[in-house]
**Student:** 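My questions all concern the structure below.
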Amino acid sequence: MNICVGKVISVRGIKILIQANNISSHDILFHDGETFDGVSIKGYLLIRRGFRDIVGKIEGEYLEENHLEKIEGDKEIDFLYLRKIEIRPIGYFEKGTFYEGVKYLPMINDKAYLASDTHISCVINPIKEENNKFIIGTAINENLPVYLPWQHLFNTHIGVFGNTGSGKSNTLTKLYTELFAIKSNQIRGKSKFVIIDFNGEYTNNQILPQNEKEVINLNTHDNNGDMIILTSKQFWDAETLSLLFKATDNTQKPFIKRIINNREYFQKDKNSLENYFKATFKKVFTSTAQKKDVVNLFIDILENLKKLTNISKYNNIIENLRKLSWHSTNQYFYSGSLYFNGGENDKAYKNIFEEHIENFNLPKNYGFDTELNLRINLQLINDLQGGYAQFDHIQPLLKRAESFLVSIKKVIKVTDTDRESTSSLRVISLRNCNQEIKKIIPLLLAKQLYETHKKTIIHSNKPIETLHLIIDEAHNILSSQSIREQESWKDYRLELFEEIIKEGRKFGVFLTLSSQRPADISPTIISQLHNFFIHRLVNDKDLSLLDSTINTLDKLSKDRISHLAKGCCVITGTTFDMPLIVQIDLLPNNKQPDSEDVNLAKLWE
């Protein structure tokens with residue numbers, strides 16, 4: 001540390017002004033076998049104070065006219081201008097070790113020296129290199145490799161933001177590729193990583209080879225896709241079904257709870273669903289207070305069952321139901337000369353339906369979608385018959401369920417036993433799913449994973465396992481500005497992720513969000529992120545959001561965000577002593593995410 005460049009002439013709080021010895025601007029200097037960076041914006045200087053070296057970051061410089069100029073004849077013996085350098089202290093060296101934070105300040109006339117590469121490396125890499133091999137790129141100002149403190153990074157919530165083509169997908173992939181490269185064996189059995197991949201960018205050899213991770217390719221366009229496994233307990237849950245079918249709070253959620261409660265109460269009876277149908281059918285047509293709407297509901301039930309089997313008895317019941325007429329004055333059904341007057345010994349019921357209903361059987365091996373459709377219709381019939389619900393209030397839920405089950409049964413499999421994944425990394429690809437499934441599956445997965453993980457540590461004060469949920473294109477499901485969905489459902493969606501990001505750390509659950517539009521994501525969620533990898537952003541709303549939520553960004557770093565080159569990002573957050581501007585290393589072609597732009601020159605050859 002022998003290259004003196006000036007002295008301190010002003011100390012105002014943490015604003016320090018140095019008068020330089022000269023106005024030369026050498027980029028690199030060599031002295032005693034060491035390399036020194038010259039004076040430059042965002043560079044570093046050391047100020048000797050006693051036995052310590054205070055480290056300052058250069059934030060500006062300017063020239064000031066030298067009023068003490070002396071001239072002897074035609075010869076100038078002083079510079080016409082004085083060079084002033086503005087720096088901000090960020091830490092200090094003591095006994096060769098760098099300590100972050102403003103603990104000491106210089107005094108007037110203390111000497112300022114250039115910082116060598118050895119000093120700068122200690123500043124930007126506080127963890128010694130021999131204990132940390134987690135390298136993701138090169139600091140563009142210092143041209144030195146950046147070693148991230150992985151042990152303090154992946155136990156936080158992370159945000160990776162940047163416009164399309166800025167390199168954010170490469171950064172996200174690089175982070176987890178390096179993590180698994182150095183810690184794959186230690187991670188196994190102790191941590192689970194789940195990537196929700198909207199565009200199928202991580203389904204090949206990204207992060208881990210295909211044979212070392214579990215890839216679930218969901219597909220709503222045909223029946224050839226993979227399935228997400230849910231246990232019966234997880235699926236037959238009032239909150240889960242309310243989430244799936246966007247149930248309203250006042251009428252539809254209580255309706256779903258009644259379905260679940262009835263199912264649980266009679267679950268021990270092997271033929272409970274079949275007996276439920278028979279009892280409901282008989283109750284309706286032997287009642288003294290009959291309801292007109294129930295006939296079409298029974299026809300819908302039987303038509304859906306017909307699709308699963310060729311049992312002709314369904315046709316007999318359907319034909320007889322279609323022949324029924326409604327007596328609007330007396331409020332009962334009739335068929336020809338037979339009237340449904342009600343009572344256990346109703347003649348019309350005995351002649352037309354009794355034999356068919358007593359011999360009624362459900363198809364074998366019906367799926368969860370058939371059971372759910374049947375239970376919804378039967379519950380609605382019972383509620384209408386008992387006066388607990390109005391048809392107009394529940395019908396929208398019924399229609400949503402019928403429509404949504406067409407898609408959901410292609411991507412979900414409900415089993416009685418849970419299948420534990422043995423892979424440390426799971427990728428859920430939504431590339432071939434319709435928009436409704438793309439919205440609902442991430443919520444369903446997040447809810448399932450979060451609640452299951454919490455139960456594993458319920459008897460432990462500290463988590464012994466961790467769950468890392470990585471959401472690419474997070475604005476698709478975390479937007480607070482969507483106008484295409486019900487407010488109540490949007491509130492539930494955001495509240496679920498806000499709970500995870502607020503409370504997840506104490507349970508060992510961590511989120512990594514990647515997005516090209518951070519302003520579209522709920523500000524509450526953004527404000528709870530701890531560390532940021534910010535690529536080029538040019539939208540004023542995005543920049544304003546970052547300015548108001550990230551207090552670890554200095555002004556110079558903020559100003560550079562809209563001008564960053566491809567692959568270059570600002571790294572800042574609670575894990576880092578100060579913001580770093582890093583050129584992220586490009587992954588090999590076979591490990592890059594499938595997010596590259598179309599090469600028109602090659603396509604149009």
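Atoms considered below: every heavy atom in the structure, side chains included; atoms not considered: hydrogens, waters and symmetry mates.
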**Student:** How close do Trp236 and Phe368 get, heavy atom to heavy atom, and via which atoms?
**Tutor:** CZ2-O, 4.2 Å

**Student:** Can you name the residues that form a side-chain contact (heavy atoms from CB on, under 4.5 Å) with Asn143, not counting sequence neighbours?
**Tutor:** Thr138

**Student:** Looking at every non-hydrogen atom in both residues, tell me the closest pair between Leu496 and Ala446 and how far apart they are.
**Tutor:** CD2-CB, 4.5 Å

**Student:** For a side chain to side chain contact (heavy atoms under 4.5 Å, CB included) with His157, tell me which candidate from Leu529, Asn531, Val509 qualifies.
**Tutor:** Leu529

**Student:** Write down the atom of Ser522, the atom of Leu494, and the distance for their closest heavy-atom approach.
**Tutor:** CB-CD2, 4.1 Å

**Student:** Does the side chain of Val160 come within less than 4.5 Å of Phe532's, by heavy atoms?
**Tutor:** no

**Student:** Output all residues satisfying salt bridge (charged side-chain N to carboxylate O under 4.0 Å, His left out) with Lys213, sequence neighbours left out; order by chain, then residue number.
**Tutor:** none

**Student:** With no hydrogens and no angle check, is any side-chain donor or acceptor of Asn219 less than 3.5 Å from a backbone partner on His221?
**Tutor:** yes

**Student:** With side-chain hydrogen bond (donor to acceptor under 3.5 Å, both in side chains) as the test, would you mind laying out the steps for Tyr147 and Ser121 before giving the verdict?
**Tutor:** CA-CA 9 Å; Tyr147 297 79; Ser121 181; over 6 Å; no

**Student:** What do the steps show when you test Gln252 against Arg400 for side-chain hydrogen bond (donor to acceptor under 3.5 Å, both in side chains), and what is the final call?
**Tutor:** CA-CA 12 Å; Gln252 295 174 359; Arg400 281 199 300 272; 2.6 Å; yes

**Student:** Could you tell me whether a side-chain N or O of Asn199 sits under 3.5 Å from a main-chain N or O of Arg431, the two making a donor and an acceptor?
**Tutor:** no

**Student:** Quick check for you: to the nearest 0.5 Å, what is the distance between Ile136 atom CD1 and Ile584 atom CD1?
**Tutor:** 3.5 Å

**Student:** Among all residues two or more places apart in sequence or in another chain, which pass the salt bridge (charged side-chain N to carboxylate O under 4.0 Å, His left out) test with Arg52?
**Tutor:** Glu94

**Student:** Would the distance check show the side chain of Asp197 and the main-chain N or O of Ile428 forming a donor-acceptor pair, the cut-off being under 3.5 Å?
**Tutor:** no

**Student:** Please name all residues satisfying ring-ring contact (aromatic ring centres under 6.0 Å, His included) with Tyr44, sequence neighbours left out, ordered by chain then number.
**Tutor:** none

**Student:** Could you tell me if the side chain of Tyr202 sits less than 4.5 Å from the side chain of Val215, heavy atoms only?
**Tutor:** no

**Student:** Looking at every heavy atom in both Ile534 and Leu564, which two are closest together, and how far apart are they?
**Tutor:** O-CD1, 3.5 Å

**Student:** Would you sort out whether Val414 and Ile229 count as a side-chain contact (heavy atoms from CB on, under 4.5 Å), showing the intermediate values?
**Tutor:** CA-CA 6 Å; Val414 180; Ile229 305 298; over 6 Å; no

**Student:** Ser515: what forms a side-chain hydrogen bond (donor to acceptor under 3.5 Å, both in side chains) with it, not counting sequence neighbours?
**Tutor:** His475

**Student:** Any Lys/Arg nitrogen of Asp547 or Lys558 sitting under 4.0 Å from an Asp/Glu carboxylate oxygen of the other?
**Tutor:** yes

**Student:** So, does Gln210 use its side chain to make a donor-acceptor pair with the main chain of Thr203 at under 3.5 Å?
**Tutor:** yes

**Student:** So, do Lys566 and His535 sit near enough that their side-chain heavy atoms are less than 4.5 Å apart?
**Tutor:** no

**Student:** Report the residues that fulfil salt bridge (charged side-chain N to carboxylate O under 4.0 Å, His left out) with Arg263, sequence neighbours left out, ordered by chain and then residue number.
**Tutor:** Glu371

**Student:** So do Thr572 and Ile550 actually touch side chain to side chain, heavy atoms under 4.5 Å?
**Tutor:** yes

**Student:** Roughly how far, to the nearest 0.5 Å, is CG of Leu587 from CG of Asn205?
**Tutor:** 12.0 Å

**Student:** With sequence neighbours left out, what residues match Thr574 under side-chain hydrogen bond (donor to acceptor under 3.5 Å, both in side chains)?
**Tutor:** none

**Student:** Parallel, tilted or perpendicular: which fits the ring planes of Phe98 and Phe93, with parallel below 30° and perpendicular above 60°?
**Tutor:** tilted

**Student:** By ring-ring contact (aromatic ring centres under 6.0 Å, His included), which residues pair with Tyr92, not counting sequence neighbours?
**Tutor:** Tyr99, Tyr104

**Student:** Quick one: closest heavy-atom pair of Ser242 and Ala238, and the distance?
**Tutor:** OG-O, 2.7 Å

**Student:** Side-chain donor-acceptor pair under 3.5 Å between Gln516 and Thr164, yes or no?
**Tutor:** yes

**Student:** Do Gln206 side-chain atoms and Glu201 backbone N/O form a donor-acceptor pair below 3.5 Å?
**Tutor:** yes

**Student:** Give, for atom CD of Glu61 and atom OG of Ser40, the distance between the pair rounded to the nearest 0.5 Å.
**Tutor:** 8.5 Å

**Student:** Are Glu59 and Arg88 ion-paired here, with the side-chain N under 4.0 Å from a carboxylate O?
**Tutor:** yes

**Student:** Mind checking what makes side-chain hydrogen bond (donor to acceptor under 3.5 Å, both in side chains) contact with Gln583, not counting sequence neighbours?
**Tutor:** none

**Student:** Could you tell me whether Asn590 atom CG has more than 12 heavy atoms of other residues or ligands within 6.0 Å of it?
**Tutor:** yes

**Student:** Is the backbone N or O of Ala181 less than 3.5 Å from a side-chain atom of Ser184, with the two atoms forming a donor-acceptor pair by type?
**Tutor:** no

**Student:** To the nearest 0.5 Å, how far apart are CG in Asp472 and OG in Ser169?
**Tutor:** 5.5 Å

**Student:** Excluding sequence neighbours, so at least two apart, what forms side-chain contact (heavy atoms from CB on, under 4.5 Å) with Thr452?
**Tutor:** Gln234, Gln448

**Student:** Please check this pair: side chain of Thr240 against backbone of Phe235, looking for a donor-acceptor N/O pair closer than 3.5 Å.
**Tutor:** no

**Student:** Considering all heavy atoms of both residues, which atom of Ile124 and which atom of Pro145 are nearest to each other, and what is their separation?
**Tutor:** CD1-O, 4.2 Å

**Student:** Does Trp150 reach the side chain of Ile182, with side-chain heavy atoms less than 4.5 Å apart?
**Tutor:** yes

**Student:** Given side chains that start at C-beta, do those of His468 and Ser191 come closer than 4.5 Å, heavy atoms only?
**Tutor:** yes

**Student:** To the nearest 0.5 angstrom, please state how far the CD1 atom of Ile526 sits from the OG atom of Ser548.
**Tutor:** 10.0 Å

**Student:** After noting the C-alpha distance and the side-chain angles of Phe154 and Phe193, does the key distance pass the ring-ring contact (aromatic ring centres under 6.0 Å, His included) rule?
**Tutor:** CA-CA 11 Å; Phe154 291 102; Phe193 294 77; 7.3 Å; no

**Student:** Holding to salt bridge (charged side-chain N to carboxylate O under 4.0 Å, His left out), I want the full list of residues that pass it with Lys174, two or more places apart in sequence or in another chain.
**Tutor:** Glu178

**Student:** Taking C-beta and beyond as the side chain, do Phe576 and Leu153 meet within less than 4.5 Å on heavy atoms?
**Tutor:** yes

**Student:** Mind checking whether Phe255 and Thr248 have side chains closer than 4.5 Å, heavy atoms only?
**Tutor:** no

**Student:** Determine whether a donor-acceptor pair (N or O, by modelled atom type, separation under 3.5 Å) exists between the side chain of Arg536 and the backbone of His563.
**Tutor:** no

**Student:** Quick one: CD1 on Ile437 to OG on Ser407, what's the gap to the nearest 0.5 Å?
**Tutor:** 5.0 Å

**Student:** Taking only Lys NZ, Arg NE, NH1 and NH2, and the carboxylate oxygens of Asp or Glu, determine whether Glu451 and Lys447 approach each other closer than 4.0 Å.
**Tutor:** yes

**Student:** Please enumerate all residues that pass side-chain hydrogen bond (donor to acceptor under 3.5 Å, both in side chains) together with Glu212, with sequence neighbours excluded.
**Tutor:** none

**Student:** Pairing donors with acceptors under 3.5 angstrom, does anything connect the side chains of Lys42 and Ser557?
**Tutor:** yes

